[in-house]
Structure formats: C-alpha cells, structure tokens
There are 2 protein chains.
Amino acid sequence: MTASGRPSGPEVIWARPERAGRGPRPAHTRAEIAAAAVRVADAEGLDGVSMRRVAAETGCGTMSLYNYVPRKEDLYELMVDAVVAEYEFPDAPSGDWRADLKALCRQTRGIMHRHPWVPRLMSPAHGFSPNALRYFEYALWAMEGLDVDNGTKVELLAMLNGVITAYVSNELSTAERARTSPYSPEQEQAARTAYIMRVLAGGAYPRMAKTLTEGPGRFDPDEVFARAIDRVLDGFEAESRRGS
Amino acid sequence: MTASGRPSGPEVIWARPERAGRGPRPAHTRAEIAAAAVRVADAEGLDGVSMRRVAAETGCGTMSLYNYVPRKEDLYELMVDAVVAEYEFPDAPSGDWRADLKALCRQTRGIMHRHPWVPRLMSPAHGFSPNALRYFEYALWAMEGLDVDNGTKVELLAMLNGVITAYVSNELSTAERARTSPYSPEQEQAARTAYIMRVLAGGAYPRMAKTLTEGPGRFDPDEVFARAIDRVLDGFEAESRRGS
DNA sequence: CGTAGTTACGTACAGCGTACGTAGTGGAGT
DNA sequence: ACTCCACTACGTACGCTGTACGTAACTACG
C-alpha cells in the first residue's frame, strides 16, 4: 500500500503512517485536522463539517485534505478519536469497579455534552482508534474486581455505552432541533404539545394520556442518568453474585 | 396555517390534514410515498433516499413531493411511522409483563433487521407518530402488572429501545459497511484483524489482548440479544420488588 | 544525480435539498 | 351558474456536497 493517494485495498486510517518516507514534509498533521473538524462540528453542528469547510479551517486547499484523509468517513474517525482523548484516567482504578465505571460513564456523558455530534458518530467502527484502545484497556482494568467472564465484561461495556448514547441523544435532541429550526424553541414546543394534547384529547390512547398527565415531578437530568446507569450495573452485579 | 406550501409556523407533519378542502384531488397519498421511500431505503440504503429518487419511485415530479412532505425530515418521519406499523399487537396483553415486553423487543429487532436504516433514524422526534402512539399505548398496557410508577415505566421503555437500537446497530454495522465498501467483506475483515493483531502484539494493551484472545465461544446473536434484554428487565423487576 | 513517490491544489462532475415561478384544477361563496 | 383563489403539479435554477483526475513542485532513496 501507499501512504497516500488511493489505497490499494481496504484500510484502517490508523494503519497508515502519518508521514511517508518520501516527498515534501506535510504542512499539517492529523491532530491539526482533527482539531479543526471538531472545532467546526462544535460550532456549526456535524452537518457543517464538509471537506471544504475543514480544509479552510485547517488552512489548506480542499483537495489537499485528501492527502491526509482518504475518505470523509476517516475524517469522522479522526474526530471521534480526538474527543475520546478527553477522557482522564486515574493512574490506577480504585478497586471499586462500580464507582470507577460510573465515573467513566459520567465522563462519557460530559464528552457528549461538550460535543453534541458524538452520539451520531457512535459506531463499533471507531472502537479501535488509539484513544478508544486506551479507554477500553482502562475499563477492563477497572473491572478486574468484577467476577464475571470476559465476554460478559465486554457486554457490560457495550450496554453502558449504548444506554449512554441513547440517553444523551434524547437529552440533546431538543437542543439540536432548536439549533436547526428556523423557529424559536418556544414555538416548536408549543406546536408539539398542542398536537399531542389534541391527540390525547381524542381518547384513543387512555393509558398514554394517564401516564403523561400524571407524570412524576422528578425531571432532574443528572438523576435520571445516574439511575439508568445504576440499574444497568445492578443487573450485572446480581449476575456476578449469582455466578460466584 | 395552510395545508400545503410553506407552513406559517413550526409543524408536526401529523397535524397537517392529508387532503385539503380545496383544489384538485392529490394524485398520491402519504402512505404511497412512505412505502416508496421505504422501498428505496431497503434496496439502496438510507443514503439512496433522496427527494428526487423517492419522487421518481412514487411516479411524480421531484417538486410535487414537497406538496406532501414539506421537508426531508418529514419524509423520514413518514418512513419510521410506516415501519412501526409492522408491529403486531395481541388483542390484549397476556398478563405476564416480562414475556410481553420481551416479545415486543423481539419485534423491534425484527423490524430493524428488515429495515437496517431504522436505527439511524431513531429519535424521540418520531415518538408521536400515529403508529408510535399505538406502540406506546400497548406497551403501557402490557406493563400494567408491573408495580413501579409511571415515570419508571417510561424510563424502562426508553432503556429497552436504547439498548435494542445500540445492539442492532452493532449487529448491522458490518453488513452495512460491506454494502458500501468497494472491497469484499473478507478483504475488509482481513485488513481490520491484521491491524488489531499488530496493535495488540505491541503489548501496550495487555488486558485487551487477553480479553480478545481468550474470548468466550458463545457468539449466537439471538442469545446475546436475549441476554441483554433480560438483564435490563432484571434490574427493573428487582426495583419493583423492592418498592412493593 | 536521476527518478519515483509524495505533497499541494485547481478544475470539473454528478448529485443533493429546496426556493421560486407558472399553469391548471376544482370546491366554496355569491 | 359563475367567479375566485387555494391548491396541485412540476420545471428551472442556486448553492452546496463528496471526490475523481490532472498538473506542478518537492525530496529521499537507489
């Protein structure tokens, strides 16, 4: 394979050397480009991330970007890796796997809040980027005190991240909608609740009406999130006790 | 507001009357258009769904589609509602909420397998389409025997659907990648495993290496899925027993 | 020291969502 | 019965996208 230009076969971008032996010294680095793309996505949303826009932000010609990033999908991979780098791991786990995993989950949510486009890019395809590997290694370390087999640990991590992604997506969807819509959030909200009220008034969905009207008052997002994570961990802890 | 043309305010498509009082009889229906879009997405992937393509499939001019569907996002909403219509609900729940919810989850997974683009469109924005309401109403009915408050029931449904979406996304990502990539699945797989092996051979990620090499043999997707759902249900059942 | 491989980047193409304008249709109000 | 105008249908056009391809400059290796 060649270090740039069209690849001769399917390639993971991380397998490409960043600098080829021959030719002029590249004017930019992957890290620079990733940072530029993240900047654009944070400021203008994921749809604002186009090759032209990122190239401009990086300070190079549009097509020069393709020397660093063969396909747009690879740019996404760089972006995810760049934000996964924001995790801060202690020198060693505390020994309390539950607390350590919960802290990890809080960090995941924090990253997604800082970079609302992350949930949309979540995919197993990005599971082997350098920083994802760092994350995975630490998570496995933190789980050493958890008495279940390796497969179950992997399943636990997958479920935690799945739940977090789903939860934060819901959390952010209103905000993201507001960013895109030409109307004010109040107008949007008003239109939706008006519609729902009209539907429920029809009486065709009595259980739903009851559930939505006599809903509980507790809506603190942090609490809902913590509760969700706790429930997932509960399930696996029970399994560990059963197994040992 | 007017029934077609640019809306005068933010609108849910379901609040628009399908047929206006005045003017010529529309040549197509929402159902027809949704079916056409679903056909295209099933055959060519979600990226194949363009307004032009769907219009052609429906048999009308590109811009005529905008009489039925003001924005592309609304087309997505029609598509999701169309596949949510595939749920088959019994006349009444069995009384065993666990079994009923599990059956519902299996149906969700089935729908996502038949329409691999569904996970990408999962969003709370689609939670109030007519068929989503039918789903929600039945699910609440099925949970009448579960002794937790309404808020918890909503959280359970959200978590189940989140976990299913994440799980099926993982399940499908390889297939979807194969559909898009110009290389054979074997080539893709070979490139990825070669890369991972090289990384793990470096010794920087010992726990990960151990986990991946001495992984368990049980990989039956149906089992992994059932186990995940069961664990979620376990957590909530425990909570119900604690509460009552 | 040539030369092959790399970097840089402009041009060009096919496709996208959709704003806008025009023509024709048919139900509601007089 | 007749008029009016909201509505349907649809062609054209604009600005945007990802990226294939060609060209020119540069540098490390044989």
Side-chain angles (χ1 to χ4, degrees), chain A residues 1-8 11 13 16-30 32-33 36-37 40-41 44-79 180-182, chain B residues 1-8 11 13 16-30 32-33 36-37 40-41 44-79 180-182:
Chain A
M1 75 164 191
T2 59
S4 80
R6 291 287 138 274
S8 64
E11 260 183 71
I13 187 161
R16 273 167 161 261
E18 176 149 15
R19 169 111 167 78
R22 294 244 259 268
R25 172 163 291 276
H28 309 279
T29 65
R30 265 182 208 163
E32 246 178 276
I33 291 166
V40 172
E44 303 164 33
L46 188 58
D47 294 334
V49 175
S50 70
M51 295 302 270
R52 280 170 239 262
R53 183 77 187 69
V54 172
E57 186 79 16
T58 305
C60 71
T62 303
M63 294 315 289
S64 308
L65 208 54
Y66 282 89
N67 287 323
Y68 302 87
V69 174
R71 293 156 308 159
K72 191 178 188 190
E73 195 187 315
D74 292 316
L75 179 60
Y76 288 150
E77 203 145 338
L78 290 188
M79 291 170 70
T180 308
S181 164
Chain B
M1 77 164 186
T2 58
S4 80
R6 289 290 137 274
S8 63
E11 261 183 69
I13 188 162
R16 271 168 165 261
E18 177 150 15
R19 170 111 167 77
R22 295 247 257 273
R25 173 163 291 276
H28 308 280
T29 65
R30 265 182 207 163
E32 245 177 277
I33 291 166
V40 172
E44 302 164 35
L46 188 58
D47 294 334
V49 176
S50 69
M51 294 303 271
R52 281 168 237 261
R53 184 76 187 72
V54 171
E57 186 79 14
T58 305
C60 70
T62 302
M63 292 317 287
S64 307
L65 208 54
Y66 282 90
N67 288 323
Y68 302 88
V69 175
R71 293 156 308 161
K72 191 178 186 188
E73 196 187 314
D74 292 317
L75 179 60
Y76 287 151
E77 203 146 336
L78 290 188
M79 291 171 69
T180 309
S181 164

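Considering every non-hydrogen atom in both B:V49 and B:K72, the closest pair reads O-NZ, 2.7 Å. The minimum heavy-atom distance between B:M79 and B:A41, with the atom names listed, is CE-CB, 3.6 Å.
Distance alone, capped at 3.5 Å, is enough to place a donor-acceptor pair between the B:Y68 side chain and the B:H28 backbone. Between the side chain of A:E77 and the backbone N or O of A:I13 there is no donor-acceptor pair closer than 3.5 Å. Between the side chain of B:T58 and the main chain of B:V54, a donor-acceptor pair closer than 3.5 Å is present.
Here the C1' atom of nucleotide D:dT8 and the OH atom of B:Y68 are 7 Å apart, to the nearest Å. A:R19 has its CZ atom 17 Å from the P atom of C:dG5, to the nearest Å. Summarising the geometry, the separation between CZ on A:R53 and C1' on D:dT17 is reported as 15 Å, rounded to the nearest angstrom. In this structure, B:R22 places its CZ atom 16 Å from P of D:dT3, rounding to the nearest Å. Rounded to whole angstrom, the span from the OH atom of B:Y66 across to the C1' atom of D:dC7 amounts to 19 Å. Across the protein-nucleic acid pair, B:D47 atom CG and C:dG17 atom P stand 10 Å apart, rounded to whole Å. Per the geometry, CZ belonging to A:R25 stands 8 Å off P belonging to D:dA28, to the nearest Å. Computed from coordinates, the B:M51 CE to D:dT17 P distance equals 20 Å when rounded to whole Å.
A:R53 is linked by a side-chain hydrogen bond (donor to acceptor under 3.5 Å, both in side chains) to A:E44, A:E57, counting only residues two or more places apart in sequence or in another chain.
Residue A:V54 is out of contact with every strand shown, counting any heavy-atom pair closer than 4.0 Å.
Counting only heavy atoms from C-beta on, A:A20 has its side chain closest to C:dT7 among C:dT7, D:dG18, C:dG24.
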Review item, nucleotides 10-14 of chain D N/O atoms under 3.5 Å of protein N/O:
unit_1: D:dC10; atom_1: OP2; unit_2: B:G61; atom_2: N; d: 3.1
unit_1: D:dC10; atom_1: OP2; unit_2: B:S64; atom_2: OG; d: 3.2

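Position along DNA chain C of the nearest nucleotide to B:E73 versus B:P24 favours B:E73 as the more 5'-ward residue.
Interatomic distance, CG of B:L65 versus CG of B:D74, reported as 11.0 Å (0.5 Å rounding).
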